[in-house]
Amino acid sequence: MRATMADKPFFATEKTLREIYEGTAAAIGVEFFRSAAQHLASALNARHALVGELLDGTPRKLRTLAVWNGSDFLANGIYPIDDTPCGAVVDQNTHCGYAAVEETSLAGCALLRELGATSYLGAPLHAPDGKLLGILAVMDPDLTAQADSRAGSILGIFAARAAAEMQRLRAEDALRENQARLATIINGAMDAIVSVDTHYRVVLFNPAAEAIFRCPAAEALGQPLDRFIPEPYREAHRGHVIEFGRSGATRRSTLNMGPGFTALRADGELFPFEASISKVESGGDILYTAILRDLTEQRRLQERAREWEGQLLKAGHLVMLGEMATILAHELNQPLTAIAGYAEGCIDRLRSGVADPAELAQAMERVAAQAMRAGDIIRTVRGFAKKREMVRTPVDVNQIAREMAEFTEHQANAHSVTLALDLAPALPTLLADKVLIELVMVNLIRNGIESMAGMTGHRQLEIGTLLSGPNRIRVSVCDSGQGLPTGSAGNVLDPFFTTKPDGMGMGLAISRSIVESHEGTLWFELNAGRGTTFYFSLPIREKSHE
Amino acid sequence: MNDRACIYVVDNDQAVLQAIRWLIEPLGVEVRTFSGAAAFLHAYDPGDAAACLLLDVRMPEMSGLELQEALAARDISIPVIFLSGHADVPMAVRAMRNGAFDFVEKPFNRQTLVERINHAIAHDRRERARRSRRQAAQARFALLSGREREILERLVAGKPNKAIANELGISVRTVESHRAAVMEKMGVASLAELVRGASGLIAETTERHR
């Protein structure tokens, strides 16, 4: 009997140890909790066991992770724990045992009723920092014999292991959540995100990188980064990365590679970009991650904006020329009128012999004063205009013709004029001031368009270029307009000559002076049919002749 | 009638005003200058001297064209010569349509200006004479009796005495005596003169009575 009594604890202990080992060693996750519950019940000779995690918020609730009813696992659920033994465990933050729960004030447990249990032994599950994570408990129709310190120790062992597993699961969840969030960011990013390892092999290649480099991730992953770096830069870029790896810096921009550094798409296209690189060291390996933005579109927009700015400036120049001429004409007319009046008044008095020297002197003083006033006006206007230095660069006349045709297309459409180009192929470039030649071209095109205003029939303006001599390029602008009033042809190029009701007559005069400042000539011919053709020809000068 | 003439000049530019005065004073005309349209309107008095107005187009506040319209609205009849900078066609068209007498581009030479001024003064003199003759004729016309007006109307219409007598149911002799009284009162010596002087007046009177 004694022996039996003595054996029993031994066997019980051996069995218990086996239960502890089997119940806590094998599985992880949900399987672990089931195994723990089942083996805990067995170790403590209890019929039921549960593992649950405490949920945040009030009223306090327990979510079961495993409930062993003696022969099977119940479906998990969420149970309120106020006025229950589990609630008491939480309140007292230590293990609690009750032989007859129904005799206490903790009879509110639905699970106990469901299982038909009356006695309860439960322990809190603590995180290493002391935070209460959940509860581990056994229940039985009659557990009185087991509610001792040994049972408490066994429960403690299971609880420690269950708490560790619960902690591990939570950390795993948080990690998974982080990874999912990171993946969302990486996959949804507009910028290419590319990581390489210490062997310069691609280990991350997000969808934006696939789009920007025109390369599926499957083809890029595991391969050296070289295929995305233009050949001349490959060596330097590798060196750049290695040097970055050794340096103390954790971030750096590709600007260090110098201007003009482009990236290479899988199809061989180069593109401008900006990127920042960061490195993360983990377990002796270094992960380099570049966040890279394709600047192609941005550059294109910038280019376009610059172009437009230039065109606006040009349009502004033309408008300003016209406006300045109007202001100049009016402002100068005043002193000139006064000067002419005084001078002729003097002549009149001198001729008729009624001149009073004092009076004449005063009139002449006024003439002088008005001449000074006229000078001031001109100085002011010239101050506005700020004489521009001529800047000669190699200029492609055909390109100017095309660009100016495009620039005036809107006006042509508005006047129902068709613009046609007849450009000689492979013209040599000229050394000229591009802006000024553009101005001449726009002027002639606009004149042509306006000369056809109010006409019936086909309205066409043809812009032509021609190699007219061994070193001369001739540009022609041919309209089908009204031509020129008879007898006026000789005056057309004079300042202020105009056939337009609101014209100032400055356009052709300015154009001529621009062409002449380039050692060229500007002239026109009346067409055989109708309309007029304006020409200008410019000498081709080699840069070496400068 | 007299030979006196007055030239009004309106320009916001003092130098231009003084120069024009210097240029045209030797013509022996009165020159009155104004630096704005409002000042001119305030000071203008038709008087009995022939006049013309040299008017700058571009002025702050009230432009030359606006002043021209203000004159028309006030029934002021004075030949206007516009002075303008470079030819502004739409503006010139508007000015001429509104009855401008002439248009001179700045700067102008003396001869051109003097010619235009002389034309304008002569025109105004004729206009004034015509207006005063008409006023006199109107005054005389007012003296005629009802019967005399009836007879005058028919004379102007070119009807012979006999037809008039038949029409009015009076004797030819009575028509003749009325006709003599009409000529006396209208201060004319011949039938031709009477018809010339009276036709406008009658048309005007009939218009008013309609």
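A, B, ... follow the sequence lines: proteins, then strands. Residue 1 opens every chain. Quick caveat: nothing in here was measured; it's all calculated off a predicted structure.
Residue A:Tyr342 comes nearest to B:Trp22 through the heavy atom pair O-NE1, 2.9 Å, listed as atom of the first residue, atom of the second, then distance.
By the 6.0 Å contact criterion, CD on A:Glu525 is enclosed, its count of non-hydrogen atoms from other residues, nucleotides or ligands being greater than 12. Within a 6.0 Å radius of CZ in A:Arg351, no more than 12 heavy atoms belonging to other residues, nucleotides or ligands are found. More than 12 heavy-atom neighbours from other residues, nucleotides or ligands sit within 6.0 angstrom of NE2 on A:His415. Within 6.0 Å of the CE atom in B:Met96, the count of heavy atoms belonging to other residues, nucleotides or ligands exceeds 12. Annotation: A:Glu519, atom CD; neighbour count of heavy atoms from other residues, nucleotides and ligands within 6.0 Å is above 12.
In this structure, the portion of A:Gln370 lying under 4.5 Å from any heavy atom of chain B is its side chain and not its backbone.
Chosen from A:Gln334, A:Arg366, A:Arg373, A:Glu359, the residue pairing most often with chain B at heavy-atom distances under 4.5 Å is A:Gln334. Counting heavy-atom pairs closer than 4.5 Å to chain B, the top-ranked of the candidates A:Ser352, A:Ala340, A:Ala363, A:Pro335 is A:Ala363. When each of A:Ile347, A:Asp348, A:Leu336, A:Val367 is scored by its heavy-atom pairs under 4.5 Å with chain B, the top score falls to A:Asp348.
The one candidate from B:Asn109, B:Val114, B:Leu113 that meets the side-chain contact (heavy atoms from CB on, under 4.5 Å) condition with A:Glu344 is B:Asn109. Exactly one of B:Leu23, B:Asp56, B:Val16, B:Leu83 qualifies for a side-chain contact (heavy atoms from CB on, under 4.5 Å) with A:Thr337. That residue is B:Val16.
Distance check, rounded to the nearest 0.5 Å: CD of A:Gln362 to CD of B:Gln18 gives 8.0 Å.
A:Asn333 places none of its side-chain heavy atoms less than 4.5 Å from the side chain of B:Glu105.
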